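What follows is a set of notes on a single structure, which appears directly below.
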Amino acid sequence: METNFSVGDVVKSVSGHDQNRLFIVVGIDKNGYIAIIDGRYREKTKPKLKNPKHLKIVAHDDELLNKVNSPIVTNAEIYKLIKAYKIKE
């Protein structure tokens, strides 16, 4: 099963030490790994690269992506935005 990830997706980790945590996709590297942040453990300045097999798409939100890419948005605000998706889930 091949899933196409795009920047702005809200994803859930399905394996690893960060299992069941929600993240935002902020990039895809040339080897196919997905760059993800959560604003708490993985900040904007140091995204985690994760194998796409270990992620599941929860939602896609362009507005959320615009907020994340804004230079004035803090990691705490990113964490609160992701927390709202956790409540919906």
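As the structure is a computational prediction, the values presented were derived from the model and not from experiment.
In the hydrophobic clustering, where aliphatic and aromatic side chains (Ile, Leu, Val, Met, Phe, Trp, Tyr) are joined below 4.5 Å either directly or transitively, Leu49 groups with Tyr33. Hydrophobic cluster membership of Tyr41, counting Ile, Leu, Val, Met, Phe, Trp and Tyr whose side-chain heavy atoms lie under 4.5 Å apart directly or via other members: none, as it forms a cluster of its own.
Interatomic distance, CG of Asp61 versus CG of Asn66, reported as 9.0 Å (0.5 Å rounding). Summarising the geometry, atom NZ belonging to Lys12 is positioned 7.0 Å from atom CG belonging to Leu22; distances are rounded to the nearest 0.5 Å. Put simply, CD on Glu77 and NZ on Lys83 are 14.0 Å apart, with the number rounded to the nearest 0.5 Å. The line from OG of Ser15 to NZ of Lys53 is 10.0 Å long, rounded to the nearest 0.5 Å. Summarising the geometry, atom CD1 belonging to Ile37 is positioned 6.5 Å from atom CD1 belonging to Ile82; distances are rounded to the nearest 0.5 Å.
Side-chain contact between Val26 and Val68: present, with at least one pair of heavy atoms (C-beta onward) separated by less than 4.5 Å. No side-chain heavy atom of Asp9 sits less than 4.5 Å from a side-chain heavy atom of Ile24. Annotation: side chain of Pro47 is not in contact with side chain of Ile36 (no heavy-atom distance under 4.5 Å). Residues Leu55 and Val14 are not in side-chain contact: their nearest non-hydrogen atoms beyond the backbone lie 4.5 Å or more apart. Val10 is listed as a side-chain neighbour of Leu64, based on a closest heavy-atom distance under 4.5 Å. Taking the side chain as every heavy atom from C-beta outward, Ile78 and Thr74 never approach each other to under 4.5 Å.
Between Arg42 and Asp18 there is no salt bridge, since no side-chain nitrogen of the basic residue lies less than 4.0 Å from a carboxylate oxygen of the acidic one.
Note on Ile28: it clusters hydrophobically with Val11, by side-chain heavy-atom contacts below 4.5 Å among ILVMFWY residues. Residues Leu81 and Tyr85 fall within the same hydrophobic cluster, defined by Ile, Leu, Val, Met, Phe, Trp and Tyr side chains chained together at heavy-atom separations under 4.5 Å. Val58 and Tyr79 fall into different hydrophobic clusters, where Ile, Leu, Val, Met, Phe, Trp and Tyr are joined by side-chain heavy atoms under 4.5 Å apart, directly or via other members.
Residues satisfying the salt bridge (charged side-chain N to carboxylate O under 4.0 Å, His left out) criterion with Lys67, sequence neighbours excluded, are Glu63.
Heavy-atom minimum distance, Ser13 versus Lys50: OG-CE, 3.2 Å.
Lys48 contributes no side-chain N or O that, together with a main-chain N or O of Phe23, makes up a donor-acceptor pair within less than 3.5 Å.
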